[in-house]
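These notes are about the structure you will find just below.
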Amino acid sequence: MGTLPPSFLGKNVNLDGQNSRSYVVKYEEHISKKKSNILLFDHETPVIFAVIDRTGRFLDSFYLSNKTTQEAAKTLENYKEIVERKKLHTVTQDDLRDALRPMEEARMKNENILKHLTDEHLEDIKHLWPSRLIAIQNADGKSDQSLIMSALSEAIKLANPIKSFQFIINHRLDTFIPKLGERVATHPDLIEDITSYYLSYNESAIVEDFLNVAVKHVPVSDHNAVEQLLNSAKKIDNLFYTGVMRHILSRLIRRVKEETGGTPKDWLNETIHDRQLKRTIISDLKKKTG
């Protein structure tokens with residue numbers, strides 16, 4: 001089953017042993033499920049191109065001053081295109097240093113810094129670019145409540161949630177997955193996508209956290225979304241012998257009573273079309289009522 005593929009963005013790398021010069025991965029481009037192209041930087045200058053596998057093992061690497069290949073040239077071109085776009089933003093180096101601080105510690109010399117950071121996150125999510133802000137956070141961040149992460153939270157509320165999901169897993173920002181539960185009313189396919197992805201790596205806790213948010217936002221009359229939600233909970237139960245579906249079902253029924261005034265039986269007949277799921281729910285309700 002394997003573990004979640006890591007992101008190496010912001011990692012320090014010593015190519016020639018412990019006492020060699022240290023470089024930082026500031027650009028990471030996933031070219032397949034098993035390989036990534038990366039650029040290693042000396043301060044703000046890309047100096048090494050490398051191809052790594054999902055464990056971080058180097059498959060190829062060379063100094064850009066000594067050699068190039070078509071793949072390396074394309075990676076460098078992609079990076080430079082992003083840099084040119086970033087020049088249009090009004091985020092200075094002072095702002096970026098301040099962005100590593102939480103709100104209560106930030107100097108906030110730029111009163112619009114949060115907006116600028118959010119706008120940059122939105123652009124990165126839209127294009128699925130490797131984020132320089134996340135690279136900075138990973139390399140030098142000491143607080144997960146930094147302005148960078150606060151702005152990312154806001155960007156995820158605004159961005160296309162399908163793109164946000166891909167951005168999150170590309171950068172290994174899995175703690176932000178539950179926030180996508182707020183978007184299931186308009187994007188119910190997120191339920192299946194997130195469940196399938198994380199359960200394929202045995203990461204049930206992330207899915208459960210996501211479902212616990214999604215159950216508050218899914219329309220109780222949307223049979224497709226409700227069925228996906230309950231089937232996802234059922235998958236966790238089947239794999240890990242938990243009681244997640246019962247918990248999710250209980251919260252849905254509570255919402256049905258509060259929001260529609262209907263009975264669980266009427267809701268079940270009108271909303272749940274999946275026969276196997278309906279049988280499981282009826283059996284669960286009988287157990288609950290004794």
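Only this structure's heavy atoms are used, side chains among them; waters, hydrogens and symmetry mates stay out.
By the 6.0 Å contact criterion, NZ on Lys86 is enclosed, its count of non-hydrogen atoms from other residues, nucleotides or ligands being greater than 12.
Remark: Leu211 CG to Thr195 OG1 distance equals 5.5 Å, nearest 0.5 Å. Atom OG of residue Ser204 and atom OH of residue Tyr198 lie 12.5 Å apart, to the nearest 0.5 angstrom. In this structure, NE2 in His247 is found 4.5 Å from CZ in Arg251, a value given to the nearest 0.5 Å. Rounded to the nearest 0.5 angstrom, Leu117 CG and Leu122 CG are separated by 11.0 Å.
In this structure, a donor-acceptor pair under 3.5 Å is absent between the side chains of Asp94 and Thr92. Side-chain contact, Asp266 with Thr263: a donor N or O sits under 3.5 Å from an acceptor N or O. Judged by distance alone, the side chains of His223 and Thr271 never bring a donor and an acceptor atom under 3.5 Å apart.
Side chain of Lys11 to main chain of Val25: no donor-acceptor pair is present (N/O by atom type, distance under 3.5 Å, no hydrogens or angles). Between the Arg255 side chain and the Val218 main chain, a donor and an acceptor come within less than 3.5 Å of each other. Side-chain N or O atoms of Arg183 include one that pairs as donor or acceptor with a backbone N or O of Ile156 at under 3.5 Å. Under a 3.5 Å cut-off, the side chain of Asp209 and the backbone N or O of Pro178 do not form any donor-acceptor pair. Judged purely by atom type and a 3.5 angstrom limit, Gln137 uses its side chain to pair as donor or acceptor with the backbone of Ser143.
Nearest heavy atoms, Glu28 versus Asn170: OE1-O, 4.4 Å. Ala99 and Ser146 make their closest contact through O-CB, 3.4 Å (heavy atoms, listed as atom of the first residue, atom of the second, distance). The nearest pair of heavy atoms linking Ile148 to Leu100 is CD1-CD2, 4.1 Å. Of all heavy-atom pairs spanning Ile272 and Glu227, the tightest one is C-OE2, 3.4 Å. For the pair His121 and Leu152, the tightest heavy-atom approach, listed with the atom from each and the gap, is CD2-N, 3.3 Å. When all heavy atoms of Leu180 and Ile194 are compared, the closest pair comes out as CD1-CD1, 4.0 Å.
Looking only at side-chain heavy atoms (C-beta outward), Lys179 and Val213 stay at 4.5 Å or farther from each other. At a threshold of 4.5 Å between non-hydrogen side-chain atoms, the residues Asp98 and Asn110 do not count as touching. For the pair Trp267/Thr260, no side-chain contact is recorded, criterion being any heavy-atom separation below 4.5 Å from C-beta on. Looking at heavy atoms from C-beta onward, Arg246 lies out of side-chain contact with Asp237 at the 4.5 angstrom threshold. In this structure, the side chains of Ile248 and Asn212 come closer than 4.5 Å at one or more pairs of heavy atoms. Proximity of Leu230 to Leu252: side-chain heavy atoms (C-beta onward) are separated by under 4.5 Å at one or more points. Between Pro130 and Tyr79, the closest side-chain pair of non-hydrogen atoms is not below 4.5 Å. With a 4.5 Å cut-off on side-chain heavy atoms, Arg101 and Leu147 do not count as touching.
Using a cutoff of 4.0 Å between basic side-chain nitrogens and carboxylate oxygens, Glu192 and Lys235 are scored as salt-bridged. Between Glu84 and Lys87 there is a salt bridge, with a side-chain nitrogen of the basic residue lying less than 4.0 Å from a carboxylate oxygen of the acidic one. The existence of a salt bridge linking Lys157 and Glu154 is confirmed by a sub-4.0 Å separation between a basic side-chain nitrogen and an acidic carboxylate oxygen.
Hydrophobic cluster membership differs between Ile38 and Phe49, with clusters built from Ile, Leu, Val, Met, Phe, Trp and Tyr side chains linked at under 4.5 angstrom. Linking Ile, Leu, Val, Met, Phe, Trp and Tyr residues whenever their side-chain heavy atoms come within less than 4.5 Å places Leu190 and Val215 in a single cluster. The hydrophobic clustering, which links ILVMFWY residues whose side-chain heavy atoms are closer than 4.5 Å, places Leu59 and Ile52 apart. Under the 4.5 Å side-chain heavy-atom criterion for ILVMFWY residues, a single connected hydrophobic cluster contains both Leu114 and Ile136. Under the 4.5 Å side-chain contact rule for hydrophobic residues, Leu158 and Leu173 do not share a cluster.
The side-chain contact (heavy atoms from CB on, under 4.5 Å) test with Leu64 singles out one residue from Leu39, Ile48, Leu40, Thr75, and that residue is Leu39.
Between Phe210 and Phe165, a ring centre-to-centre spacing not shorter than 6.0 Å is recorded.
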Handout entry: Stepwise side-chain contact (heavy atoms from CB on, under 4.5 Å) test for Val13 and Phe8
Key = CA-CA 10 Å; Val13 177; Phe8 296 97; over 6 Å; no

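Taking the six-membered ring for Trp and thresholds of 30 and 60 degrees, His171 and Phe167 have ring planes inclined between 30 and 60 degrees apart.
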